[in-house]
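Everything below concerns the one structure shown next.
Every chain is numbered from 1, with letters handed out A, B, ... down the list of sequences.
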Amino acid sequence: MDVADLPGVPEWLPDHLRDDGIEELYPPQAEAVEAGVTEGENLVASIPTASGKTLIAELAMLSSVARGGTALYIVPLRALASEKQADFEEFEQYGLDIGVSTGNYESEGGWLADKDIVVATSEKVDSLVRNDAPWIEDLTCVVTDEVHLVDDGERGPTLEVTLAKLRRLNPDLQTVALSATIGNAEALATWLDAGLVDSDWRPIDLQKGVHYGQALHLEDGSQQRLSVQNNEKQTAAIVRDTLEDDGSTLVFVNSRRNAEAAAGRLANTVRPHLTDEERAQLADIAEEIRDVSDTETSDDLADAVADGAAFHHAGLSRGHRELVEDAFRDRLVKVVCATPTLAAGVNTPSRRVVVRDWRRYDGSAGGMAPLSVLEVHQMMGRAGRPGLDPYGEAVLIASSHDEVDELFERYVWADPEPVRSKLAAEPALRTHILATVASGFARSREGLLEFLEQTLYASQTDEGGQLERVVDDVLTYLQRNDFLEIEGGELDATSLGHTVSRLYLDPMSAAEIVDGLRDWERGASDSTSASGAPSETPPEPPADSGFTTASELAEDADESADADRDPDDISALGLYHLVSRTPDMYQLYLRSGDREEYEMELFEREDELLGPTPSEFEEGRFEDWLSALKTARLLEDWATEVDEATITERYGVGPGDIRGKVETAQWLLGAAESLASEVDLDAARAISEARIRVEHGVREELVDLAGVRGVGRKRARRLFQAGITDRAQLRDADKAVVLAALRGRRKTAENVLESAGHRDPSMEGVEPAPDVSVDLDDGEDGDTNAESTANDDQSSLGDF
DNA sequence: GTTAGATTAATTTAGACAGCATGTC
DNA sequence: CTAAATTAATCTAAC
């Protein structure tokens, strides 16, 4: 189909596409147009990655906007949100306004209602619906990227429920859903009353194959000789073979450690193939990587990158990931060894893809479980860069002759599994039922069931029995914990329930937080193994309404516990532990030896924790309590300025993990603050301080300084040591002292003074004061070596 | 008694969304 | 219903 023949699109679009070198639509795109995407029709497109999904989305959104509407593009990852934003900003030259909204980033330039196209994560959309964002009703077109994720047990239900809500709020809404190739695309189409484009077409050829021995067996029956020399591994042989053809390779492995080890080994394979020019550029990138953070992970990565190899996993910080992705796209880095981060993440195509490990540890499966066909196909789909490579090849590695056949059967020739709704699970419904009632989508049990009829789950099952049972269990739970009231068949969210729903908390997290805080105020301190019934659910609040009531005061007398404790005495550790044991925080793994270590720690600091310690005989709960303590300790270390390298080593995590924990803690502490005032508990001040400290990673005395833009934990500490102890002093500070404290970096010093509001931030002609020491004496308590870091880079996590 | 090397046992294991309210002399 | 790659611990044999 010629781009000139597109019905319903803005008149500038054909020329714009031609400027991009697009004269003809790809076949699946043409099918989509024939099915009416540009004319407001619903559509499900189940097509391979890199076969032009983005253009289908753009055609739908642009034509909808041309008719005077507003479009929403839903993505599963924040990184994808910014990638799509960059794509769509091309249209700003035609007067379109693009907005982004995710948990940690909101695009500037005013209200989302003024935007023509908004990109957001599914959770953010859900949250906006819960908070009655008015522009939701103006939407005319919603595009969902990677809809096959409705199959995901944790996050799938959110997407499912959110789509159902959007469609219910606005029956005329055009719904376009983009999916990887899946087994049952027609089920999705039925659910969404949509036309279907289901195609395997790809713009460049993809050959799947299996390597074994000295040969690469391809799916078309042919074989390529691909010999393994001396001691090298199969993967190395494939990488070498690709390099000889001047191509790059993406290797998927099943653990972080494997990714790092493989990258280290493959560096030796790549090194001899680099030109001097490439070596020099790679050395620069390696330096940038070292500058991102001062940890072992960072060093290892830099070493590999200097040789043209890299690893990529969630333990890397954002900066690391971006440097690796960019260097790989620029073809400087020739091999990336990655965990699944790269399979689902941003677009990083490669000539060849190697799926080295096809089994991955899965606790719930009791060992190594084979990856799903869908997941392996997603990885393989990264092979072949449109316009750059003549073809793509995706290779599985077999270690025996039998395995060759098994891999062909299991993955090469296999169809992806059907997608199935995971909505009928209690944790998912706990959250979504509360939200559905709180935002008025349903006011009775029947209304609730009727609403749930509009989900994929309902369209995939015949008997509603299972769903009804779970709904009733959840309603009971929500009522018992005072999130919902049920009166004469009428459902109503309590004020607490409304707050919880708007804060986007799992009700169970909210219950844990409220109970913990209340427990502290009651001063119930005879905690050891005194917990009551060994039930999974947290203790119930009093049956009558309200929380701080006379009945509780009476309880105090009963227990003859300590007098009420001062909420200001709640320690940061106590609060970090409280939010860490919540289902919204994903826990750190307890390694061997950790158990004893944190049992000791628990013994010493039990008084600081909120709520009764579970008995050691309640295996699961006690373990959770300990691993929450480990997480809490990590957060406490961060908030006492312990060096990043020390933390990564002490807890066996990467710099990216610290960031993740800190971010989650920030969010949950913010929510805890709101909850505390909601239920009239007086802990807001203590919570707020703990939150700000973990946000900036500083001790109490630096909180003010670290609030200045451009000042993170390290610079704040240096300024403090130089005698500048707060923002006001910084504003009127002696420039020589500031410059010395910032290790003579003029530009940095100017920026800092400017954001502090200094009347004359210019550093021209200023010399660093000689008597200012700039050595960081890390915030260690002396139990481990505290090495001071050599560079001045900010490990502040708050850049966004 | 020491130590290099071999054998065995234990340990570890992917990823990542969300609140709120903005700032200045 | 299921594993594999490291790493730590232990053992062995030669000196």
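- A donor atom on one side chain and an acceptor atom on the other are found under 3.5 Å apart for His320(A) and Ser298(A).
- Using atom P as the reference point in both dA14(B) and dA5(C), the two lie 15 Å apart (nearest Å).
- Residue Arg359(A) is classed as a sugar-phosphate contact, given heavy-atom separations below 4.0 Å to backbone atoms only.
- In this structure, Leu588(A) places its CG atom 13 Å from P of dT12(B), rounding to the nearest Å.
- Side-chain contact, Ser400(A) with Asp402(A): no donor N or O sits under 3.5 Å from an acceptor N or O.
- Donor-acceptor pairing under 3.5 Å is lacking for the side chains of Asp594(A) and Tyr589(A).
- For the residue pair Asp126(A) and Thr158(A), no side-chain donor N or O sits within less than 3.5 Å of a side-chain acceptor on the partner.
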Parsed dot-bracket for DNA chain C after applying the Watson-Crick and G-U rules with both distances under 3.5 Å and | for other-strand partners is ..|||||||||||||
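- Toward the 5′ end of DNA chain B lies the nearest nucleotide of Glu375(A), the other residue of the pair Glu375(A) and Glu123(A) mapping further downstream.
- With 3.5 Å as the limit, one finds a donor-acceptor pair spanning the side chains of Ser421(A) and Glu160(A).
- Using atom C1' as the reference point in both dC17(B) and dT2(C), the two lie 31 Å apart (nearest Å).
- One interatomic measurement links the two molecules: CG of Leu434(A) to P of dA18(B), which rounds to 19 Å at whole-angstrom precision.
- Nucleotide dT24(B) holds its P atom 14 Å from the CD atom of Glu754(A), rounded to whole Å.
- Across the strands present, dG23(B) finds no partner; the criterion is a Watson-Crick or G-U wobble pair with both atom distances under 3.5 angstrom.
- Rounded to whole Å, atom P of dT11(B) lies 19 Å from atom CG of Asn258(A).
- Gly670(A) comes within contact range of at least one nucleobase, with a heavy-atom separation under 4.0 Å.
- Base contact: Gln666(A) has a heavy atom under 4.0 Å from a base atom.
- Side-chain atoms of Ser101(A) and Glu106(A) include a donor-acceptor pair closer than 3.5 Å.
- Within residues 498-507 of chain A, the residues approached by DNA chain B to less than 4.0 Å at the level of any non-hydrogen atom are Arg502(A), Leu503(A), Tyr504(A), in residue-number order.
- In this structure, Thr102(A) reaches the sugar-phosphate backbone alone: every heavy-atom distance under 4.0 Å involves primed, P, OP1 or OP2 atoms, never a base.
- Defined by atom type and a distance below 3.5 Å, a donor-acceptor pair is missing between the side-chain atoms of His498(A) and Ser495(A).
- In this structure, Lys165(A) forms a cation-pi arrangement with Phe441(A), its terminal cationic atom sitting closer than 6.0 Å to the ring centre and no more than 45° off the ring axis.
- At the heavy-atom level, Asp126(A) lies nowhere under 4.0 Å from the strands shown.
- Within the nucleic acid shown, Gly103(A) comes within 4.0 Å of sugar-phosphate atoms alone, with no base atom in reach, counting heavy atoms only.
- Contact of the Thr121(A) side chain with the Pro76(A) side chain is not registered, since no non-hydrogen atoms from C-beta on lie closer than 4.5 Å.
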